Amino acid sequence: MEKKYLKASETFSFSISAFGRSMIYTLMSTFLLIFYTDAMQLTPAHAGLIILAARIFDAANDPIMGIIADKTNTKFGKLRPYLLFSPFLIMIATAALFYVPNFGYGGRLAYATITYILWGICFTIQDVPFWGMSAVVSPLENERNKFLSTARIFSTIGGVIPTLLVPALRNGLGNTKGYFVSGLIFAVLGSMISLSAFFGTKERVEQKKEKVTVGEIVSAYVKNKPLLLLIASSILGSAMLMAQTSGSYLATYLIKDSGVIPKGTVQTVMTVAIGAGMLVAMVLMPVLRKKMSLKAIYIASALFGAAIHAVMYFVGYSNFYVFLAILAVAGLPLGIFNVITYAMVADSVDYLEYKTGRRSEGVCFASQTFISKLTAGISTFITSLVLEKVCFIQPINDVPVLNQPQQVFDGMFIMVSIIPMISLALAAVPMIFNDYTGKKKEEIQKALAERRENANVNG
């Protein structure tokens, strides 16, 4: 009988932390662009450029955090210490992110740029070690997969909470005050909940502390084919997130009153629809893993998602309930990607250990956080470019202009249908060349187990 390492309490603590972190991340990823355009009164192009530039900055910031984590050596481990103090940094940065200063346009532009970059730094300090924990809590792949799957389910549920509260606060208090109060609430609540990852988990997969050089960091990518292909697929598939990054605009301007669902809850209902599909997919993921390889699941999910978005375009959005049903089905591949990406990064850690003798969890999982941030940044930037191209009319005196030109409505619908369809189809292409699967993967896993066992015996 295979030895078990993880306790149920560890999975719960980590999952609760993911719930809290997701509230903050969803607040930022879902509402920051519309906060910039509707409350901060920045042009869509400038707002999108700020978000994309900050994500590109994270391309350098995340690996640096990975290096720092790999070099850390404390009685708590090399990842857990960052889960103790980083929530307090995130709390302050999130509150500042959704504040509108009484500056001119240039001052507001500078403030938005600085606070968002600082927020990204603070979140990265927690994000890289947090997801890196999934590679060190157990040496067993099946335990890691269950650990991740549960955490992603809690994360998805946590992501729904801001869409329930923010629209209500925005409608009741106005754009400027509503977003700021929302920022304060989730800054405190989400940060404090996320502390449970520090207190409730344990690092088990250990390696000898070694000096990390630039050459070794480069080799961690150059020699890690599965990771490089995953990054390429994720970047090409960035626009699959546009139903979420553009959701605030769809709910505020595109979707008309259904007659049953109050206007202020449209975004919540849309988010719940997508989230329902994601949850179903994440629950089914362990079943799929028993029948299909990660590679096969990834490719099939991407092509399925592309087909669903094509159906969405031809069906349209005039019937809100049909639109919701399609959104729920479109959530299925998103749920798969939420889990499978982390599982594939964890696999890449093993692959790197096999190729080089070094695991470098911090560096590898920095790539995962980089993937998440960059893809969301690209998706948001595309949203901003479309808004700029179709001449979106920004709110006047804090009041949204609901009577937009038809070209604005057409552009918004393309953002959630055609663009994601193309992006998902492209995401499948790099993964075709991933050969870390099947018998080859089994042989590598076996070789690693023997190597670790010999090391323990000789040690």
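Everything numeric in this text was worked out from a predicted model, so none of it was measured. Counting begins at 1 with the first residue of the sequence.
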Could you tell me whether the side chain of R80 and the main chain of T201 form a donor-acceptor pair under 3.5 Å? yes
Closest non-hydrogen atoms of S423 and S238, given as atom of the first, atom of the second and distance, are OG-N, 3.4 Å
Restricting to pairs with a member in residues 424-438, which pass salt bridge (Lys or Arg N to Asp or Glu O under 4.0 Å), not counting sequence neighbours? K225-D435, D435-K440
Worked verdict on Y253 versus F409 for ring pair (Phe, Tyr, Trp, His ring centres under 6.0 Å): CA-CA 8 Å; Y253 299 97; F409 298 138; 8.1 Å; no
Taking the side chain as every heavy atom from C-beta outward, state whether M270 and F320 have any pair of such atoms under 4.5 Å apart. yes
Flag side-chain contact, heavy atom, 4.5 Å: I125 against F85: yes
How about L374 and R55: do any of their side-chain heavy atoms sit closer than 4.5 Å? yes
Do other residues, nucleotides or ligands put more than 12 heavy atoms under 6.0 Å from Y313 OH? no
Under 4.5 Å between any side-chain heavy atoms of F12 and I16, yes or no? yes
Any sub-3.5 Å donor-acceptor pair from R152's side-chain atoms to N338's backbone N or O? yes
So do F198 and Y82 actually touch side chain to side chain, heavy atoms under 4.5 Å? no
If we check side-chain contact (heavy atoms from CB on, under 4.5 Å) with M133, which of these qualifies: E10, K202, E203? E203
Under 6.0 Å between the ring centres of F154 and F14? no
Show your working on salt bridge (charged side-chain N to carboxylate O under 4.0 Å, His left out) between D350 and R144 and close with a plain yes or no. CA-CA 12 Å; D350 288 340; R144 295 201 306 256; 2.9 Å; yes
Whether Y317 and F413 hold their rings parallel, tilted or perpendicular, with breakpoints at 30° and 60°: tilted
Say whether, by atom type as modelled, one donor and one acceptor occur between the side chain of S301 and the main chain of F337 under 3.5 angstrom. no
Look at the aromatic rings of Y179 and F98 and report parallel, tilted or perpendicular, splitting at 30° and 60°. parallel
Flag the pair I414 / V386 as yes when at least one side-chain heavy-atom distance between them is below 4.5 Å, and no otherwise. no
May I ask you to decide if G20's main-chain N or O and S194's side chain share a donor-acceptor pair within less than 3.5 Å? no
With sequence neighbours excluded, tell me which residues meet ring-ring contact (aromatic ring centres under 6.0 Å, His included) with F323. none
Using a 3.5 Å distance criterion without hydrogens, assess whether the side chain of S379 forms a donor-acceptor pair with backbone atoms of A376. no
Main-chain N/O of S17 paired with S196 side-chain donor or acceptor, under 3.5 Å: yes
Is a side-chain N or O of T375 found less than 3.5 angstrom from the main chain of S234, in a donor-acceptor match? no
